[in-house]
Amino acid sequence: MSPVHIPSVSRVEAAGTPPKLIEEVVGHVNTGTDALSIAKMTSPPGWEEPGQTPEFDEFTVVLEGEVEVHHREGVLKVAAGEAVIARAGEWVRYSTPKGAKYVSICMPAFAPGIVHRDE
């Protein structure tokens, strides 16, 4: 078996407003991978999404700006150069009041059927 070159990303529709850009590098859409997903996020100022209780662990690495992670006990502010882990089964809601660029890694891979967004 040899390494697999991934020459491009796939744009994935994002939840929340205003819209953010999701570019999946590895995952269900771009590579057919179930084990994990890796996506580059470009999130505008004022973006926020509905809360969720996903069936996956999500590792977020902030490259620029700041990501707010709302959880049952409060809010974590994750700045550029920092990271956060949200565990499967834990309620969280992400937002970027000032905008941000970050990488999201989900294990297993992100899929709409296992994110369980608030209605």
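Every heavy atom of this structure was used, including side-chain atoms; hydrogens, water molecules and symmetry mates were not. Quick note: residue numbers are just sequence positions, from 1.
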Quiz prompt | For Ala111, side chain to side chain contact (heavy atoms under 4.5 Å, CB included) partners two or more places apart | solution = His28, Ile114
Self-check item: Transitive ILVMFWY side-chain link Ile105 to Leu21, under 4.5 Å
Solution: no
Quiz item: Can you name the nearest heavy-atom pair linking Gly27 to Ser37, along with the distance?
Solution: CA-CB, 3.9 Å
Practice problem: Return each pair, listed once, that meets side chain to side chain donor-acceptor pair (under 3.5 Å) where at least one residue sits in residues 105-119; pairs must be two or more places apart or across chains. | Solution: Glu49-Arg117, Gln52-Arg117, Glu55-His116, Trp91-Asp118
Exercise. Can you run down the salt bridge (Lys or Arg N to Asp or Glu O under 4.0 Å) pairs that involve residues 86-115, sequence neighbours left out, and say none if there aren't any?
Key: Glu48-Arg93, Asp57-Arg87
Exercise. Only counting residues at least two apart or in another chain, list the ones meeting side chain to side chain contact (heavy atoms under 4.5 Å, CB included) with Pro97.
Key: Glu68, Ser95
Exercise. Would you check if the side chain of Thr53 reaches a backbone N or O of Gly89 as a donor-acceptor pair within less than 3.5 Å?
Key: no
Exercise. Could you list all the salt bridge (Lys or Arg N to Asp or Glu O under 4.0 Å) pairs where at least one residue sits in residues 1-20, not counting sequence neighbours?
Key: none
Quiz prompt | ILVMFWY network linking Val103 to Phe59, side-chain heavy atoms under 4.5 angstrom | solution = yes
Quiz item: Who pairs with Thr17 by side-chain hydrogen bond (donor to acceptor under 3.5 Å, both in side chains), at least two apart in sequence or on another chain?
Solution: none
Exercise. Not counting sequence neighbours, which residues clear side chain to side chain contact (heavy atoms under 4.5 Å, CB included) with Val9? List them please.
Key: Glu23, Val25, Lys40
Exercise. Taking all heavy atoms of Thr33 and all of Leu36, pick out the closest pair and write down the distance.
Key: CG2-O, 3.6 Å
Quiz item: Where is the tightest heavy-atom contact between Pro18 and Pro44, given as atom of each residue plus distance?
Solution: CG-CG, 3.7 Å
Quiz item: Taking the hydrophobic residues Ile, Leu, Val, Met, Phe, Trp and Tyr, and joining any pair whose side-chain heavy atoms are under 4.5 Å apart, which ones share a cluster with Val29?
Solution: Val12, Ile22, Met41, Trp47, Val62, Val67, Val69, Leu76, Val78, Val84, Val92, Tyr94, Tyr102
Quiz item: What residues form a side-chain hydrogen bond (donor to acceptor under 3.5 Å, both in side chains) with Thr60, not counting sequence neighbours?
Solution: none
Exercise. Apply side-chain hydrogen bond (donor to acceptor under 3.5 Å, both in side chains) to Thr96 and list each qualifying residue two or more places apart in sequence or on a separate chain.
Key: Ser43
Quiz item: In terms of hydrophobic clustering (I, L, V, M, F, W, Y; side-chain heavy atoms under 4.5 Å; direct or indirect links), are Met107 and Phe110 co-clustered?
Solution: no
Quiz item: Is there a path from Ile85 to Phe56 through hydrophobic residues (I, L, V, M, F, W, Y) whose side chains come within less than 4.5 Å of each other?
Solution: no
Practice problem: Could you tell me which residues satisfy side-chain hydrogen bond (donor to acceptor under 3.5 Å, both in side chains) with Ser10, sequence neighbours excluded, listed by chain and number? | Solution: Asn30
